[in-house]
Amino acid sequence: MIIEPKAVHDFYNGVMEGKPVMKSRKLLKDILTAYENPDKGEDPERVMYEVYCYEAEDKIQQGSLSWGLTVMYPECVNGEFNFTRGHIHQDTSCGEFYFGLAGEGLLLLMDIEGNAWAEKISPNSLHYVNGKLAHRLVNTGDQVLKVGACWPSNAGHNYEWVEKHPFPVRVYKKNGEIVCI
Ligand code: PA5
Ligand code: NI
């Protein structure tokens with residue numbers, strides 16, 4: 001028996017059940033203060049990144065999964081590469097998978113002692129984020145970076161923790177090279 005598919009999903013473009021599921025769009029003005037040296041001349045309306053998100057269940061319960069897509073534009077702020085706000089999960093028993101779909105970037109990871117490291121993201125790369133690690137994406141390329149994600153819906157995003165314990169690494173473009181400082 002051949003059955004007709006009920007829903008049209010397109011993970012590359014953030015479409016679920018036939019509709020784009022954009023959850024948020026970060027403009028430079030929303031994240032400007034997180035940069036080391038924001039230049040006064042920067043256009044505050046510049047789109048930095050967009051997050052698409054889909055929860056399959058109507059009600060979040062133990063075992064529900066969420067799916068996401070982050071689309072990061074190839075932007076720099078005074079030489080510093082475009083990065084996501086970064087968070088640790090509210091429930092640190094919840095891990096997450098990230099997977100590269102387009103472009104080049106870094107996944108910055110940081111443990112609760114403040115030790116940080118990076119994994120290279122490129123199309124088809126797969127990354128497991130332990131729930132006890134803060135995570136942030138950086139677009140280090142000159143193309144759009146697209147990263148898919150899947151996590152337990154009850155994980156929660158804790159941004160305050162990262163604000164109190166900032167990542168000790170920043171990523172810059174210097175003379176055409178990627179430099180982590
Ligand atoms: O759930 C995730 O980890 C991702 O979907 C992120 O939310 C996304 O990459 C954007 O990052 P942030 O939420 O730190 O702004
Ligand atoms: Ni997360």
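These numbers come from the heavy atoms of this one structure, side chains and all, not from hydrogens, waters or symmetry mates. As the structure lists them, so they are numbered: ligands from 1, and atoms in each ligand from 1.
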shortest atom 9 (O) of ligand 1-to-protein heavy-atom contact is with T70 OG1, 2.8 Å
So is there a nitrogen or oxygen of H89 less than 3.5 Å from a nitrogen or oxygen in ligand 1?
no
When only distance counts, is W151 in polar contact with ligand 1, meaning an N/O pair under 3.5 Å?
no
Please list, in number order, the atoms of ligand 1 under 4.0 Å from a heavy atom of Y98.
2 (C), 3 (O), 4 (C), 6 (C), 9 (O)
Just checking, is any N or O donor in the side chain of E96 or H89 under 3.5 Å from an acceptor N or O on the other one?
yes
Does N139 reach the main-chain N or O of Q143 with its side chain, forming a donor-acceptor pair under 3.5 Å?
yes
Closest protein heavy atom (residue, atom, distance) for atom 6 (C) of ligand 1:
H87 CE1, 3.7 Å
Could you tell me the residue and atom name of the protein heavy atom closest to atom 11 (O) of ligand 1, and the distance to it rounded to 0.1 Å?
T84 CB, 3.5 Å
When you measure from the Ni ion (ligand 2) to each N, O or S atom of H135, which atom gives the shortest distance?
NE2
Evaluate salt bridge (charged side-chain N to carboxylate O under 4.0 Å, His left out) for E17 paired with K6, printing each intermediate quantity in order.
CA-CA 8 Å; E17 293 172 354; K6 267 168 73 176; over 6 Å; no
Please classify the L137 to ligand 1 contact at 4.0 Å (heavy-atom distances, strictly less than): side chain, backbone, both or neither.
side chain
The Ni ion (ligand 2): angle it makes with NE2 (H89) and NE2 (H87), nearest 10 degrees
110°
Student check: side-chain heavy atoms of H87 and E160 closer than 4.5 Å:
no
Side chain, backbone, both or neither: which applies to K26 and ligand 1 if a contact is any heavy-atom pair less than 4.0 Å apart?
neither
Close N or O approach (A149, ligand 1; < 3.5 Å):
no
Tell me, which protein residue and heavy-atom name are nearest atom 10 (C) of ligand 1, and how many Å apart are they?
V51 CG2, 3.7 Å
Just to confirm my output: which protein heavy-atom neighbour is closest to atom 15 (O) of ligand 1, and how far is it?
Y49 OH, 2.7 Å
Of the options K23, R25, K26, which is the one that meets E50 in a salt bridge (charged side-chain N to carboxylate O under 4.0 Å, His left out)?
R25
Atom of Y172, atom of I181 and distance for their closest heavy-atom approach
CD1-CD1, 3.8 Å
Could you go through the side chain to side chain contact (heavy atoms under 4.5 Å, CB included) check for Y49 and T70 one step at a time?
CA-CA 7 Å; Y49 66 96; T70 304; 4.2 Å; yes
Can you name the nearest heavy-atom pair linking N37 to N78, along with the distance?
O-ND2, 2.8 Å
On the six-membered ring of Y12, is K146 placed so that its NZ or CZ lies under 6.0 angstrom from the centre and within 45° of the ring axis?
yes
Considering heavy atoms of the protein only, find what lies nearest to atom 13 (O) of ligand 1 and give residue, atom and distance to 0.1 Å.
Y159 OH, 2.5 Å
For the Ni ion (ligand 2), what is the closest N, O or S atom on E96?
OE1
Would you say H135 touches ligand 1, if touching means a heavy atom closer than 4.0 Å?
yes
From H157, does some N, O or S atom reach closer than 2.8 Å to the Ni ion (ligand 2)?
no
Give me the nearest non-hydrogen protein atom to atom 2 (C) of ligand 1 as residue plus atom name, then the distance to 0.1 Å.
E96 OE2, 3.0 Å
If you scan protein heavy atoms around atom 7 (O) of ligand 1, the nearest is H157 NE2, 3.5 Å
Please tell me whether E104 and S122 have a donor and an acceptor in their side chains that are separated by less than 3.5 angstrom.
no
Take L106 and C180 through the side chain to side chain contact (heavy atoms under 4.5 Å, CB included) test and state the conclusion after the steps.
CA-CA 10 Å; L106 291 175; C180 295; 4.2 Å; yes
Heavy-atom side-chain contact between L107 and H135 under 4.5 Å
yes
